[in-house]
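Every chain is numbered from 1 and lettered A, B, ... according to where its sequence line falls, protein lines coming before strand lines.
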Amino acid sequence: MRWKRMAAPLLFLTPAMLGIIVFKMVPILQGVIDSFFQYSFINQKTYFSGFQNYIDALTDPIFLNSIKVTMIFNIIVNPLQVLISFGLGLLLMIRIKGQTTFRTIHLIPITVSFTVACILWGVLMNPEQGLLNSVLNLFGIPNQQFLFDKAQALPSVIGIATWKGVGYWALFFISGLEEIPSQLYEAAAIDGSGPWNTLIHITIPQMKRTVLFVVVSDTISNFLLFVPAYILTNGGPEGSTDFMMFEIFKNAYTYSNVNLASSMIVLLLVIMLAVVGIESMLLGGRDE
Amino acid sequence: MKVNVESLPFDKMFEAIEVRLGAKEDSIDILLVDAPMVANYTAKGYLADLYSYVGEKSKGNITETSLGAGTIDGKLMALPLNSSTVNLYYNKEIFKEKGIEVPPENVDERWTWEKVVDVAKKLTYEKDGRQIYGLCFEQIGRPYQLLPLAQSLGAEEFVNKDGSKTEGYTNSEEMVKACQFYYDTFNTWNISPRISADDAVSYFTGGQVAMFIGGPWQIPSMTEAGMDFGIAPHPYFEGGEVVTPTGSWYVGVSNYSKNKEEAAKFVEFITTNDDACQMNYDIGKNLPCNIHVLEAIDNDSAYESFPDNSMKLAVYESINTAKARPQMAGYAEWQSVMEKTYSDIMNGSNPKEALDLAVAEIDKQLEKYKK
Amino acid sequence: MKKLLSILLCICLTAGLTACRKNNEDIQEAGNSVELNFLVMPDIEKVSDVFKEYEKKIQL
Amino acid sequence: MNRLKKNVKILIYLFHAVLLTIVFLPLVFALVSSFRPLEDLYKYVRPLTLETFIPKNFTLDAYKDIFVKYRFGTSVMNSIFVAGVTVMAGVVINALAGFAFAKFRFPCKRLLFGIVLLTFMVPFELLSINLYSMMIDFGWVDTFLALIVPSVPNGMVIFLFRQYYLGFPDYLLETSKIDGLNWWGIFWRVVMPNSKAVCISSGLVLFLNQWESFLWPVLVTRSENMQTIQIALNSFRTQYTKEWNNIFAASIIAFLIPILIILPLQKFYVEGITSTGSKE
């Protein structure tokens with residue numbers, strides 16, 4: 001009768017797991033295998049090349065620059081986005097008239113696709129006659145170059161990514177905040193602790209697991225940023241916004257060098273998992 | 001027999017070719033090939049050899065140079081749909097407003113770049129809140145438009161003989177001088193707007209640019225915008241050679257197509273048959289490669305009146321001053337890196353350093369064609 | 001739940017149908033005459049009348 | 001918390017106002033520019049006047065243009081159809097798997113769940129190259145199958161369902177088992193009717209993933225009538241000029257539709273999503 005007990009799980013699992021294995025695991029494994037081969041244009045043949053692709057990638061100054069850009073981007077954008085969305089979450093927790101409408105409005109950037117967000121902000125940030133510059137002129141700030149300037153391109157992309165992402169992550173913080181038992185706050189009020197150290201001693205410790213989840217998921221999406229470079233900056237002035245994912249896309253589809261691109265993908269995955277690992281250690285480590 | 005036309009925007013089309021033919025798909029039978037990409041697509045095995053399908057008489061119908069550019073190592077890989085040239089278009093109102101005499105139309109009195117810059121400085125000013133620019137290139141950042149600057153200064157080759165190394169060629173002394181000129185128009189003299197090639201023509205038709213270095217295919221959008229514009233020959237550097245951009249779109253048959261024979265016959269028809277070329281010219285107004293159509297334009301009086309007389313200028317340039325872009329296996333990589341380099345130079349990078357970086361990256365990409 | 005199930009079923013049916021209809025549309029059309037796919041960009045698409053000319057010429 | 005002093009309240013409202021302008025700035029400019037002819041796009045931007053936000057020569061050309069000339073309607077319908085089927089099939093298949101991971105004991109369960117987590121972590125862009133060649137071998141390119149089937153099984157949605165079903169009361173399952181229902185019956189009659197919230201929230205996740213996907217449709221669609229909305233958005237241009245007013249008109253439609261779907265279901269969406277965060 002063992003088969004009877006196994007029938008149900010099998011029936012329930014097969015559709016989804018079959019799909020995941022065929023459409024996700026197989027391509028991932030194929031990608032890893034591809035990264036150990038190379039194609040010769042002269043005799044139109046593919047041959048085993050060991051770690052040559054990885055060596056080529058890690059000695060390519062352009063790819064190294066894209067790793068640097070991606071790391072700088074993540075080191076700035078992740079804490080920034082987490083802080084802002086945490087602040088936004090706190091702000092949206094304050095019960096004032098119109099609180100629900102404010103919460104709904106901050107949902108809008110979630111539904112605006114990254115493609116549309118980049119197109120719109122691209123026009124706004126036009127140095128010659130973008131709306132953003134005319135707004136800045138109101139405050140007496142002269143015209144900025146934004147995406148056309150080596151130093152400002154990456155911050156501009158950070159701005160767009162933050163505009164798009166902050167509302168989404170704030171949702172997680174709001175739900176986490178709502179689940180903190182109110183007795184804790186009442187106890188703190190009795191002890192007379194001001195809003196600031198209530199935040200430090202009660203709110204933040206309670207939110208550790210949500211913060212960890214947001215940081216990890218945000219890091220993953222920020223590592224894979226591709227649309228701004230593809231639509232707006234094409235790698236940005238002097239490679240200042242040349243994200244790894246864009247470099248992989250260029251190698252795979254413009255330079256039709258799929259094997260090199262696959263090795264870059266594996267490197268990207270390894271770096272990403274390392275960073276996520278460090279984050280979970282840092283944030284998760286202090287669990288009681 | 002049915003021909004399905006699938007239309008993609010400019011850069012998406014390049015990408016689709018790399019993606020689909022890179023994966024050896026048979027969903028494309030016939031494809032457009034940018035002139036310098038013929039060698040690149042041949043090296044990647046994307047194109048079928050048309051030699052056995054196309055008759056001698058048809059090949060005789062088209063100009064020698066354009067047929068040559070479609071032949072790689074003796075194999076006919078693509079046939080020219082049309083050629084192209086670039087002229088200097090100017091906004092008469094802006095010139096009148098500032099009281100400056102317009103550039104002459106006659107090829108013998110062709111303006112030098114130094115003269116153009118001098119005039120452009122006078123025509124860069126602010127007018128009720130909007131900035132007017134003296135000079136604007138149409139295809140900003142694209143080699144098709146900007147290589148002639150270096151060629152006019154004497155640059156001959158951009159890559160070595162076997163197309164494997166660009167060191168010393170793409171960052172040659174003439175190329176650095178030309179890029180310094182390009183850098184100055186944006187950063188030193190501030191006579192050109194820092195915009196993308198997509199917005200260039202709408203700047204000119206919007207009345208924000210005095211002199212526009214563009215192609216005759218833009219005339220319809222100028223007339224539509226009701227502009228009062230004139231045409232003058234493409235400038236050259238003082239004491240240098242007169243060089244204008246050329247080469248346009250070729251048509252090739254995909255190496256993975258299931259019906260190469262029919263596809264080749266179709267390509268032969270639209271690129272060499274006289275009536276087809278005449279009809280193509282009448283609609284598209286692009287400079288033809290068919291000899292009979294070119295002759296018809298030369299001695300047909302209908303092309304005296306403005307703006308069609310630009311075609312006479314186009315024919316003159318294509319015969320006397322046109323210089324094609326370099327033919328090499330790695331042109332796709334070369335063009336992609338050069339576009340990025342030109343855009344960096346526009347945004348303020350030092351030309352010499354930018355070109356040296358570009359050459360390093362290109363040569364690394366070209367290695368894969370040697371293995 | 002029955003409602004949800006029935007909607008889902010008819011959606012999947014239509015998806016399957018459109019996919020098959022599209023496939024056999026190509027198959028039966030290729031049967032009698034050769035079909036060529038030409039990849040162009042908008043500015044060259046303007047001259048597609050020239051391509052129609054060729055289709056007429058071949059039919060003769 | 002609620003007896004706030006006067007000036008603190010003003011400060012909070014001011015802060016909200018600043019945030020709202022930042023959120024609405026691009027969207028309002030897009031809406032306004034979609035009612036303007038192409039040449040006016042940059043005309044009224046500088047200096048900043050009221051005219052910047054109220055279109056002078058108001059025209060509906062852009063909307064007419066995209067629906068008539070570019071047949072934008074087909075792209076919208078394609079996107080809605082593809083997203084709709086993905087949601088329907090996705091919710092059912094991933095719910096089944098989620099339930100199995102939550103309630104059943106079976107060999108190599110940790111391994112399978114490890115694979116689910118891995119695919120949840122490994123995003124789509126990383127496997128598009130090989131998945132694309134797989135689609136060519138299957139012959140699915142340029143059909144709805146290529147757009148729908150690979151995105152139905154979704155690691156995150158399975159994870160969402162597992163989270164929810166971990167908290168599902170066991171006595172409910174025991175009682176229906178005693179009534180003689182087999183697992184299949186239990187799932188459909190007892191479990192699904194009580195998991196409305198998580199179904200809606202994972203449905204929205206699937207919908208948004210499919211609606212906003214850009215790289216994958218670019219790879220697998222060929223003919224114009226297969227285009228999805230994000231691709232159509234990017235194709236309003238000739239070789240020389242970008243038709244910005246058409247792009248804006250299409251962008252407005254591209255984000256209005258998801259808003260109209262998410263706003264009424266906002267409560268479920270927030271609940272479902274955030275359950276992954278807190279109860280991990």
Donor-acceptor contacts under 3.5 Å from residues 90-99 of chain D side chains, at least two apart:
from    : atom 1 : to       : atom 2 : distance (Å)
D/Asn94 : OD1    : D/Asn154 : N      : 3.3
D/Asn94 : ND2    : D/Gly90  : O      : 2.8
D/Asn94 : ND2    : D/Val152 : O      : 3.0

Handout entry: Pairwise side-chain contact, A/Leu132 with D/Leu25, heavy-atom cut-off 4.5 Å (strictly under)
Key = yes
Problem - Test item: D/Phe101 and A/Pro9 side chains (from C-beta on) under 4.5 Å apart, heavy atoms - result: no
Exercise for the section: Start with the C-alpha distance between D/Phe214 and A/Tyr230, add both sets of side-chain angles, then the distance that settles ring-ring contact (aromatic ring centres under 6.0 Å, His included), and finish with yes or no. Expected result: CA-CA 11 Å; D/Phe214 176 69; A/Tyr230 179 70; 5.7 Å; yes
Problem - Which atoms of A/Leu11 approach chain D - backbone, side chain, both or neither, heavy atom under 4.5 Å - result: side chain
Practice task
Answer with side chain, backbone, both or neither: which region of A/Ala261 has an atom nearer than 4.5 Å to a non-hydrogen atom of chain D?
Solution key: side chain
Problem - Under 4.5 Å from a heavy atom of chain D, the part of A/Leu124 involved - result: side chain
Exercise for the section: Return yes if a side-chain donor-acceptor contact under 3.5 Å exists between D/Glu212 and A/Thr115, otherwise no. Expected result: no
Problem - Toward chain D, the part of A/Phe249 with a non-hydrogen atom under 4.5 Å - result: side chain
Exercise for the section: Select one option (side chain, backbone, both, neither) describing which atoms of A/Ile105 are under 4.5 Å from chain D's heavy atoms. Expected result: both
Exercise for the section: Taking the side chain as every heavy atom from C-beta outward, state whether A/Lys97 and D/Tyr13 have any atom pair closer than 4.5 Å. Expected result: yes
Fill in the blank from the handout: The interface call for A/Ile174 against chain D, heavy-atom contacts under 4.5 Å, is neither
Handout entry: Check: D/Ile12 and A/Leu91 side chains under 4.5 Å, non-hydrogen atoms
Key = yes
Practice task
Please work out whether the ring planes of A/Phe23 and D/Trp140 are parallel, tilted or perpendicular, with thresholds of 30° and 60°.
Solution key: tilted
Problem - A/Leu107 portion near chain D, given a 4.5 angstrom heavy-atom threshold - result: side chain
Exercise for the section: Could you tell me which portion of A/Val22 (side chain, backbone, both or neither) has an atom closer than 4.5 angstrom to a non-hydrogen atom of chain D? Expected result: both
Handout entry: Toward chain D, the part of A/Phe223 with a non-hydrogen atom under 4.5 Å
Key = neither
Practice task
Please examine the side chains of D/Leu118 and A/Met25, heavy atoms only from C-beta on, and report whether any two atoms are closer than 4.5 Å.
Solution key: yes
Exercise for the section: Pick one of side chain, backbone, both or neither for A/Met207, based on which atoms fall under 4.5 Å of a heavy atom in chain D. Expected result: neither
Problem - A/Trp163 side-chain N/O to D/Ile22 backbone N/O, donor-acceptor pair under 3.5 Å - result: yes
